[in-house]
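Here is the structure we will look at, set down as C-alpha cells.
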Protein chains: 2
Amino acid sequence: MANYCECEGCELRSLFFNNVNKTELLSLCTLKVERSFERGDLIVEEGAPIEEFIYLKSGLVKLYKLSGDEEQIITIAKPLDFVSLLSVFANNHYKYSVRAIEDSVICCLNIQNVKDLVKSNGNFALDLLEKMNRVADNIILESLEIRRKHLRGRIAHVLLYFAEYIYNSNEFDLPISRKEIAEYIGMTTENVIRTMSEFRKDKVIKINGKTIEIINKPLLEKISALG
Amino acid sequence: MANYCECEGCELRSLFFNNVNKTELLSLCTLKVERSFERGDLIVEEGAPIEEFIYLKSGLVKLYKLSGDEEQIITIAKPLDFVSLLSVFANNHYKYSVRAIEDSVICCLNIQNVKDLVKSNGNFALDLLEKMNRVADNIILESLEIRRKHLRGRIAHVLLYFAEYIYNSNEFDLPISRKEIAEYIGMTTENVIRTMSEFRKDKVIKINGKTIEIINKPLLEKISALG
DNA sequence: TCATTAACATGATATATATCATAAAGTGAT
DNA sequence: ATCACTTTATGATATATATCATGTTAATGA
C-alpha cells in the first residue's frame, strides 16, 4: 500500500496544494496517475474529452491550436503554469493541444475528485481561482506584448523569455524550432531565421544550432522594448 | 430596510449566482453598490487597487491596456462576460482598464464577501471557476482567431462579432470608432476605414456614419473565414 | 454660433513582411 | 552508408500594410 503516492513530498504541493491536508491529498492521490512523455509526444489532443485534471510536474510543453494545417502556439509553459487546466472547468473537451517540447512528467488527478475538493475545501477553491486567474492573465498579457512589437522585437522578446523565464541563463538550448518560434509570434519561418542571423551578425547572440547564447543582453532588451 | 437590494430579481442571478441562497445573497447585497456609467466613462483604471468584485449588469464595455500612448483593446464585453473579474483573484491591482462604450450599469460586491462565499459555498466556487475559465478561454480563442486573419478578414470578423454576438442583428450602430476597431484588431485606423469603404463599394455592407448594415452576409462570412 | 478638435475618407508612397527559389546541413529510417 | 525529409540559411521579388498628406464631415466646447 505504501508508496503509490509521493505527493506529500511533491515539490508542487506547497504551491499548488497549499491548503490541502494530508487526508484530502491521499484521497486525491489514490486516483492519481503519473505519466511520462518524451520530447515531441502529444500530451493532450484538441477535441478530446476532458477526463482528468492535469498539471505539469516537470519538463516543458507547448500549448497550441490547429487551424487548418497550421499550428498557432498559444504559450510555452513550464511546471506550475499548469496550462492544461485552462478549459478544465468550462468545457467538456479540450480547446487546445499540448505537446511536450522537453521530456515531461504530468500528474493526472481525477477531475471529479478535484471538483469535490473545490466544494469541500474553500481555501483550495480560492487557491485554484487565483492560479487560474494568473495563468490566464499571463497568456493574455504575453500575447498583447508580442502583438505590439515588430518582427525583431518579437524575436528578441522570445529569446529573453527563454533566457529569463524558462532557463534562467543567458545560454540555453532552444527547445523549439525556428518554425515553432514563427508559429508563436505569428511571423514566417524564414523571417525568424533571417532575424536571428542578423542578431548573430550584430553580435547580440551566438548561434550554434539549437544552442543560443545572449552576448549583448542590454541591446537585446532594447530591441525587445523598442522593436 | 426593504428595497435596498433587488438582487433576488436580478437577471444575472440565475446565471451568476445559481447556487447562492437567499441568505447568502442578502449578505452580499448589504455591501453591494450599483453604479451607472455613461458611454465613454472610465469604469476601471489600470493600476488601481482591486477593492471590489465587479460585474456588468447592463451595457457594453471595452477592456484595454495602455502601452505608451496607445490603447490595445483586449475584448469588447457584454453582460455576463464580466471581464472585470479576470485578475480579481490573482492581483491586487488591475492589469487592464475598462471603459463604457455604451451606457452601462455595474454591480460592485465587496471582494472579501465574495471570497468568503467561495470558501463557504462550494457550488458557487465551482460556478465561478467555470465562468472565469470561460471568459479567459473566449478572450484567448478570439485573439487567436483574429491573429490568423489578414486585414480584410479581421474587419469582416469584427463586423460579424457585433452583428451576431453583441447585437443579434444585421443592422446595428457601431459602439466604437474606426480607430478603436484598429486598436482591437492591431491594424491602422486608415486601413480600417479604407477596408470598410471597400466592403461598402462591393455591396457587402451599407455604411451610414456609425450605422452598419450587413447586406451580403454569406460573402462577409467568406471574407472572415478566408481573409 | 463659431472655433476647435476628432472622426471619416482617400490617394500616393514607403516599409515591413511574406513568398518564392535554392542550397547546405542536420536527422531519422532502412 | 544511403535516401528521404526536415531544419536552417540566404537572396530576390512580391505583397500587404503602414505612413504621410490632404480634405471633408461630424462632434464638442467656449
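For A/Tyr161, the ring pair (Phe, Tyr, Trp, His ring centres under 6.0 Å) criterion is met by A/Tyr165, not counting sequence neighbours. By the side chain to side chain contact (heavy atoms under 4.5 Å, CB included) test, A/Asp41 pairs with A/Phe37, A/Glu38, sequence neighbours left out. By the side chain to side chain contact (heavy atoms under 4.5 Å, CB included) test, B/Pro49 pairs with B/Glu51, B/His93, sequence neighbours left out. Listed by chain and number, the residues in a side chain to side chain contact (heavy atoms under 4.5 Å, CB included) with A/Ser169 are A/Glu171 (sequence neighbours excluded).
Between A/Lys32 and A/Glu34, at least one side-chain nitrogen of the basic residue sits less than 4.0 Å from a carboxylate oxygen of the acidic one, meeting the salt-bridge criterion. Under the 4.0 Å criterion applied to side-chain N and carboxylate O atoms, A/Glu71 and A/Lys179 are not assigned as salt-bridge partners. Here B/Lys95 does not pair with B/Glu46 in a salt bridge; the nearest charged N to carboxylate O distance is not below 4.0 Å.
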With 3.5 Å as the limit, what N/O pairs link the protein to nucleotides 7-11 of chain C?
residue	atom	partner	partner atom	Å
C/dC8	OP1	B/Arg178	NH1	3.3
C/dC8	OP1	B/Lys210	NZ	3.1
C/dC8	OP2	B/Arg178	N	2.9
C/dA9	OP2	B/Arg178	NH2	3.4
C/dT10	OP2	B/Ser197	OG	2.6
C/dT10	OP2	B/Arg200	NH2	3.4
C/dG11	N7	B/Arg194	NH1	2.9

Under-3.5 Å N/O pairs linking protein and nucleotides 23-26 of chain C:
none

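Counting non-hydrogen atoms of neighbouring residues, nucleotides and ligands closer than 6.0 angstrom, the NZ atom of B/Lys210 exceeds 12 such neighbours.
Of the options B/Ile223, B/Ile205, B/Val192, a side-chain contact (heavy atoms from CB on, under 4.5 Å) to B/Ile155 is made by B/Val192 and by none of the others.
For the pair B/Leu63 and B/Ile139, the tightest heavy-atom approach, listed with the atom from each and the gap, is CD2-CD1, 4.5 Å. When all heavy atoms of B/Ala90 and A/Asn133 are compared, the pair lying nearest together is CB-CB, 3.4 Å.
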Check the pair B/Lys62, B/Ile73 against side-chain contact (heavy atoms from CB on, under 4.5 Å), reporting the backbone distance first and the verdict last.
-> CA-CA 7 Å; B/Lys62 66 170 177 178; B/Ile73 295 183; 3.8 Å; yes
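Reading DNA chain D from its 5' end, the first and the last nucleotide to sit under 4.0 Å from a heavy atom of chain B are D/dT17 to D/dC20.
Listed by first then second residue, pairs satisfying side-chain hydrogen bond (donor to acceptor under 3.5 Å, both in side chains) with a partner in residues 151-160 of chain B read B/Glu142-B/His157, B/Arg152-B/Glu198, not counting sequence neighbours. For residues 215-227 of chain B, every residue pair satisfying the salt bridge (Lys or Arg N to Asp or Glu O under 4.0 Å) rule, not counting sequence neighbours, is listed here: B/Glu164-B/Lys217.
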Under 3.5 Å, sequence neighbours excluded: what are the donor-acceptor pairs made by side chains of residues 98-110 of chain B?
residue	atom	partner	partner atom	Å
B/Arg99	NE	B/Tyr64	OH	3.3
B/Arg99	NH1	B/Gly40	O	2.8
B/Arg99	NH2	B/Tyr64	OH	3.3
B/Glu102	OE2	B/Tyr167	OH	2.5
B/Asp103	OD1	B/Arg39	N	2.8
B/Ser104	OG	B/Leu60	N	3.1
B/Ser104	OG	B/Leu60	O	3.3
B/Ser104	OG	B/Glu102	O	2.7
B/Asn110	OD1	B/Gln112	N	2.8
B/Asn110	OD1	B/Asn113	N	3.0

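Within the helix from C/dT1-D/dA30 to C/dT30-D/dA1, the inter-axis angle between the opening and closing five-pair segments is 60°, rounded to 10°.
DNA chain C is contacted by A/His150, A/Leu151 of residues 143-154 of chain A, taking any non-hydrogen atom closer than 4.0 Å.
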